[in-house]
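Index from 1, following the sequence.
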Amino acid sequence: MNFDAFFNEKLEGLKKEGRYRVFMDLERHAGQFPRATRHVDGQQKPVTVWCSNDYLSMGQHPAVMAAMHEAIDRCGAGAGGTRNISGTNHYHVLLEAELADLHGKEAALLFNSGYMSNWTTLSTLATGLPNALVLSDAGNHASMIEGIRHSKAERIIFKHNDMADLESHLKIHSGKRPIIIVFESVYSMDGDFGKLAEIVTLAEKYGALTYLDEVHGVGLYGKRGGGLAEKLGLMHRIDVIEGTLAKAFGVVGGYITGSAALIDYVRSFASGFIFSSSLPPAVAAGAIAAIKHLKVSQMEREALFARVSAVRAGLERMGIPHMPNPSHIVPVRVGDAAKCKWISDYLLDHDGIYIQPINYPTVARGTERLRITPQPCHSEEDIAHLLKSLNALWQQCALARAVA
């Protein structure tokens, strides 16, 4: 078999569909974000980033950077290995205590990414619990889907946010086997909220374990940034709360929080944790600084939602179709992969605006979109430039408008 020929044929198929992913060579400017430099064809071009998941710009915060510099000077670059051999640093211990406190849980466990924390924890729980059944929301992230799949436990996908469908499965299986309900707080592509209160109530009624992904909620919602579950007063009723350090907290890594027994079980049986080298101490130090700051500061959250409101209002005035939701995510619907990629490229090349196209398999075919994430660091001038550029593009290409 000619392997390269096979690979190239498949890649050409992606390009023809407009789904070939191009990774931009960007250099963020510390203290000046959303400004960045794009390196292309030996040239350096200025861009404004509008699709970062560093939602609160904490990756640029002086306290976070200072904490990371101090940790490098104290501990060096790496952690030295896996947690069970030589890689547990005091910063890891402090960070896990900070995360457990954030979510009102007995304990927490760090992972190298949010993908790893979901994949490892769900596969470990669903494998270990005898004859487990996993009920998974249809909108769940790929990391959750893969973790459940890897466990080989029976899984049933219930319709997104459909409580009648969820309860129908609970009625059949409750009392006969362990059940895990897996869901998210903020679904990152549509920006809608999960029905946390309703799911928790059903789980308590039928004796199921609840597993909540708060990746796109932590730092952003709740008085201390504990996520949507904190905002709704539900943290104490949820068994496992999973989150990330790579979005609102501005660094990298994932984690789970829960009871001391559950966390110790995952720590002791999860190969994805046991055999992975631990996060560098400087990353953990930066995360501690970000979490501590956001536990007491409301300024970043207030600024973020002010920017979100301004962008949404501008899109409404211009009739540019965007998906309504209660969150910080602003998806502008295009509905065609090739067209979405072309719009993204045009904005980058002609207006210095960087917004990546989102297409299948991240979203369903026919729902391709630009996913805009306003941040506190975007100025009024940035917003005006974005809206003017989008409006001109919609007019130039005779794209459908939401309002006549």
Testing the 3.5 Å rule here: is there a donor-acceptor pair between the side chains of Thr362 and Arg21? yes

Exercise: identify the closest heavy-atom pair between Glu17 and Arg365: OE1-NH1, 2.9 Å

In terms of heavy-atom contacts, Leu387 and Arg317 come closest through CD1-NH2, 4.3 Å

Take a 6.0 Å sphere around NE2 of His29 and say whether it holds more than 12 heavy atoms from other residues, nucleotides or ligands. yes

Of all heavy-atom pairs between Val49 and Ala36, which one has the smallest distance, and what is that distance? CG2-CB, 4.0 Å

When the aromatic ring centroids of Tyr255 and Phe249 are compared, is their separation below 6.0 Å? no

Any donor-acceptor pair under 3.5 Å from Ser123 side chain to Thr120 backbone: yes

Considering all heavy atoms, the nearest Ile263-Leu109 contact: CG2-CB, 3.8 Å

Under a plain distance cut-off of 3.5 Å, with no hydrogens placed, do His160 and Asp190 share a side-chain donor-acceptor pair? no

Sorted by chain and number, sequence neighbours left out, side chain to side chain donor-acceptor pair (under 3.5 Å) with Glu204 holds for Arg237

So does Ile353 get a backbone contact from the side chain of His385, meaning a donor-acceptor N/O pair under 3.5 Å? no

Would you mind reporting whether Asn359 and Cys340 have side-chain heavy atoms less than 4.5 Å apart? no

Stepwise side chain to side chain contact (heavy atoms under 4.5 Å, CB included) check, Leu166 with Phe183: CA-CA 11 Å; Leu166 173 59; Phe183 54 107; over 6 Å; no

Distance check, rounded to the nearest 0.5 Å: Thr201 atom OG1 versus Leu196 atom CG? 10.5 Å

Say whether Tyr206 and Glu167, considering side chains only, have a donor N or O and an acceptor N or O under 3.5 Å apart. yes

Given 3.5 Å as the limit, does a donor-acceptor pair link the side chain of Asp239 with the main chain of Gly258, or not? no

Taking Lys292 first and then Asp101, would you say they form a salt bridge - that is, a charged N and a carboxylate O separated by under 4.0 Å? no

Classify the side-chain pair Arg369/Thr367 by whether it contains a donor and acceptor separated by less than 3.5 Å. yes

Can you list the steps and then say if Asp137 with Tyr187 is a side chain to side chain contact (heavy atoms under 4.5 Å, CB included)? CA-CA 11 Å; Asp137 188 286; Tyr187 289 87; 3.3 Å; yes

Contacts of Tyr20 that satisfy ring pair (Phe, Tyr, Trp, His ring centres under 6.0 Å) - sequence neighbours left out: none

Derivation of the side chain to side chain contact (heavy atoms under 4.5 Å, CB included) call for Glu154 and Arg177: CA-CA 11 Å; Glu154 183 182 355; Arg177 57 199 302 193; 2.7 Å; yes

Any chance the side chains of His293 and Glu300 put a donor and an acceptor closer than 3.5 Å? yes

Check whether any side-chain heavy atom of Arg155 lies under 4.5 Å from a side-chain heavy atom of Arg149, and answer yes or no. yes

Verify, without hydrogens or angle tests, whether Ser278 (side chain) and Thr88 (backbone) share a donor-acceptor contact under 3.5 angstrom. no

Between Asn161 (side chain) and Phe193 (backbone), is there a donor-acceptor pair under 3.5 Å? yes

Side chains of Leu294 and Leu102: closer than 4.5 Å at any heavy-atom pair? no

Do Asp345 and Lys341 come close enough that some side-chain heavy atom pair is under 4.5 Å? yes

Is the side chain of Glu198 donor-acceptor paired with the backbone N or O of Met163 at a distance under 3.5 Å, no angle test? no

CD/Gln32: more than 12 non-hydrogen atoms of other groups inside 6.0 Å: yes

Could you tell me whether the side chain of Gln298 and the main chain of Lys223 form a donor-acceptor pair under 3.5 Å? yes

Output field: ring centroids Phe158/His169 closer than 6.0 Å: no

Nearest-0.5 Å distance that lies between atom CG in Asn8 and atom CZ in Phe6: 11.0 Å

Is the backbone of Phe305 close enough, under 3.5 Å, to the side chain of Ser309 for a donor and an acceptor to pair up by distance? yes

Does Lys15, at its NZ atom, have more than 12 non-hydrogen atoms belonging to other residues, nucleotides or ligands within less than 6.0 Å? yes

Do any N or O atoms from the side chain of Arg312 and from the backbone of His322 form a donor-acceptor pair under 3.5 angstrom? no

Can you check side chain to side chain contact (heavy atoms under 4.5 Å, CB included) on Val308 and Val330, steps first, answer last? CA-CA 8 Å; Val308 171; Val330 185; 4.2 Å; yes

Asn53 vs Thr244 side-chain heavy atoms within contact, under 4.5 Å: no

Gap separating the OG1 atom of Thr124 from the CD1 atom of Ile274, nearest 0.5 angstrom: 8.0 Å

Please report the closest heavy-atom contact between Tyr55 and Gln375, naming both atoms and the distance. O-CG, 3.4 Å

Are any of the side-chain heavy atoms of Ile241 and Glu230 separated by less than 4.5 Å? no

Would you give the length of the straight line joining atom CG of Asn140 to atom CD1 of Ile157, rounded to the nearest 0.5 angstrom? 9.0 Å

Describe, in one word, how the ring planes of Trp50 and His378 are oriented to each other, choosing from parallel (under 30°), tilted (30 to 60°) and perpendicular (over 60°). parallel

So, taking the atom named CG in Leu347 and the one named OG in Ser389, what distance separates them when rounded to the nearest 0.5 Å? 6.5 Å

Answer whether the closest heavy-atom distance between the side chains of Thr121 and Tyr211 falls below 4.5 Å. yes

Salt bridge or not for Glu96 and Arg267, using N-O below 4.0 Å? no

Where is the tightest heavy-atom contact between Thr257 and Leu99, given as atom of each residue plus distance? CG2-O, 3.8 Å

Do Glu368 and Arg19 meet the salt-bridge criterion of a basic N to acidic O distance under 4.0 Å? no

State whether a side-chain donor-acceptor pair under 3.5 Å links His216 with Glu184. no

Can you list everything that forms a side chain to side chain donor-acceptor pair (under 3.5 Å) with Arg74? Sequence neighbours excluded, please. Tyr91

Under 3.5 Å donor-acceptor, Lys105 side chain and Met235 backbone: yes

Residues 34-57 vs salt bridge (charged side-chain N to carboxylate O under 4.0 Å, His left out), sequence neighbours excluded, gives Arg28-Asp54, Arg35-Asp382, Arg38-Asp349

Taking C-beta and beyond as the side chain, do Cys51 and Arg371 meet within less than 4.5 Å on heavy atoms? no

List for me each residue that meets side chain to side chain donor-acceptor pair (under 3.5 Å) alongside His92, sequence neighbours excluded, and say none if there are none. none

Let me confirm one number: the CD1-CD1 distance from Ile355 to Ile372, rounded to the nearest 0.5 Å. 4.5 Å

List the residues meeting side chain to side chain donor-acceptor pair (under 3.5 Å) with Ser117, not counting sequence neighbours, and say none if there are none. Glu242

